[in-house]
Amino acid sequence: MYRTKNNGELRLADVGKQVTLCGWVQRSRDLGGMTFVDLRDRYGITQIVFNMETDAALCGKARELGREYVVQIKGTVAERSNKNAKIPTGDIEILATEITVLNPSKIPPFTIENHSDGGDELRMKYRYLDLRRDCVRQNLVLRHRLSIEIRKYMDEQGFMEIETPFMVKSTPEGARDFVVPSRMNPGEFYALPQSPQQYKQLLMVAGMDRYFQIVRCFRDEDLRADRQPEFTQLDCEMSFVEQEDVLQMFEGLMRHLFKVEKNIDLPPLQRMTWQTAMDKYGSDKPDLRFGMEFHALKEVFPQGKFSLFDQSEWVGGICVEGASEYTRKQLDELTDFVKRPQVGAGGLIYIKCNTDGTYKSSVDKFFDADDLKRVAEACGAKAGDLILILAGKASKTKVSLGQLRLEMGNRLNLRDPFNYKVLWIVDFPLLEWDEEAGRFFAMHHPFTAPKPEDEAMLETEPGKVRANAYDMVINGVEVGGGSIRIHSRDLQKRMFRALGFSDEEAQKQFGFLMNAFEYGAPPHGGLAFGFDRLCALFGGEDSIRDYIAFPKNNAGRDTMSESPSPISQAQLDELFLKSTAEKRD
Ligand code: ASP
């Protein structure tokens, strides 16, 4: 037997026991007569003591151990004189009687500690060492627990976990596909699924009634901290349901997860329409950990005094509590922030509601104190507050102001990662106009059903049709989204027409789903959660990378295995592909 105990389980009650432990040398300290070794494994750290007086040879061996050596140690559990309250095994130590080096180690390229000296690139290259760090491993433990709890809940609710294929048909809607060439079908390709959307709908046609899957999805998009080319979804679908049934079911799941993982009793989730979210927060994923809601000000400022406001479709502001003392420099920083291309505003207007009851603004030239007072009242501002205002085209300016709102939330520390605000966004528009392409795109996906009361507008005013689509938002992050689906072939056809597909094109791309609708498709709907994001949120972090065992970097590369990588000419030939060298000339 390699070991009788692990490094996290021995306590005072075990004093006197003979034990065998295995693990990695976290560190060793040589204090003359004594050598201490911290032995680490997945379960914890146990202190091992070697005594020069009782066994000089053994102590000598211990002194030669390097960091990350894999060793086996035999010894007796003893009470420590110098206890360490910070670790669960801190009351005991092992008086070693034997030591075996199972495998030596090179000096690791960074310290295996919670605060490591390794930069991101180095940590990714040696991810197997990075994963030895307690903080990273804990993230995977959390991920595991959440997946188990999800499976328990889903099973209790009668959902079946069913696997869907990873080699599927490439479809033009949605993000870019990763494709896989087919050797047996020269010149043809599979795609890796962006989601199992059509398969789960087919499972409903097949009568499975309630399906779920914790499943990898693939999207060839530009990467950010919260995006990976392959990521995991909790994917779900239900038959004979309306939107309300889906919302209730998954509100229940979230309540279960928060209860078991955080001991938080979630209140009934707030529901906000997409329109309200855009009007009040400039975002379809509003962060409700703080207020700072928008105030529409175009009608509040008097007309004819300031041409910028007169010409702007929308003028809106937020009231930042207690920030009237912001300095010139701070206001300049905010102006620079809103002018960044990612935010895209032309400039920033402010009104300081001074503590002495006077006002100071960047538009003092145009408006008198009474005007400013009226604006301050409309914003609910008190003495000591700062009002920040943007003006321009309505939809774009609201989004910019939403970004400024989040920036102010950050600056004022209003975004505590462990203060969870969970809500549903409902009533999304069905379609979204794309200027560049000159056509409508499905806001969620083309299988989403319009609200029955809006269906008639699909041909006449497609932009006005609302969908039975919903997103779950936690702390400004979209963690999940879904919809009630179209289940009639006719309506699906009309939807494809609205998206600019001819009937032939639609049949070619999506025929297998539309044909299935002719064989008794039940009404159905569902949603999918971003599982990596959910884990990161529960862990209180923004980046999903450390919740995935082997993530890719920002360029979509796995720097550890060095993929992607070129393949041999023989492989290329077999797949009927030209090499990039040939393609270039
Ligand atoms: N398949 C959708 C997605 O990946 C989710 C859904 O509608 O169920 O976003």
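The chain is numbered in sequence order, starting from 1. Just the heavy atoms: all of them, side chains too, but no hydrogens, waters or symmetry mates, feed the values below. Order of listing sets the numbers, starting from 1, for every ligand and every atom in it.
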**Fill in**
Of G481, G174, S195, the residue with the heavy atom nearest atom 5 (C) of ligand 1 is G481

**Message:** Return the closest protein heavy atom for atom 1 (N) of ligand 1 as residue, atom name and distance.
**Reply:** Q197 OE1, 2.7 Å

**Prompt:** What is the closest protein heavy atom to atom 9 (O) of ligand 1, and at what distance does it sit?
**Reply:** H444 CE1, 3.9 Å

**Prompt:** Heavy-atom contact under 4.0 Å between R485 and ligand 1?
**Reply:** yes

Which ligand 1 atoms, with their elements, are less than 4.0 angstrom from a heavy-atom of [X]?
X	answer
G482	6 (C), 7 (O)
R219	3 (C), 4 (O)
K200	6 (C), 8 (O)
Q233	3 (C), 4 (O)

Is there a side-chain contact between [X] and [Y] (heavy atoms, below 4.5 Å)?
X	Y	result
L430	L458	yes
T559	R127	no
P196	V168	no

Just heavy atoms, cut-off under 4.0 Å: does [X] contact ligand 1 by side chain, backbone, both, or neither?
X	result
Q194	neither
Q198	neither
E237	neither

**Request:** Establish, for the pair R405 and F290, whether the NZ or CZ atom is under 6.0 angstrom from the six-membered ring centre and no further than 45 degrees off its axis.
**Result:** yes

**Prompt:** Do we get R439 above F441's six-membered ring, with its NZ or CZ under 6.0 Å from the centre and within 45° of the axis?
**Reply:** yes

**Residue from T273, D454, T276 passing side chain to side chain contact (heavy atoms under 4.5 Å, CB included) with D427** = T273

**Request:** Check the pair R183 / E574 against salt bridge (Lys or Arg N to Asp or Glu O under 4.0 Å), numbers first and verdict last.
**Result:** CA-CA 6 Å; R183 180 182 58 81; E574 221 168 41; 5.2 Å; no

**Asked** Taking atom types as modelled and ignoring hydrogens, do the side chains of K421 and N475 form a donor-acceptor contact shorter than 3.5 angstrom?
**Response** no

**Request:** Give yes or no for whether the N/O distance cutoff of 3.5 Å, strictly under, is met between H445 and ligand 1.
**Result:** yes

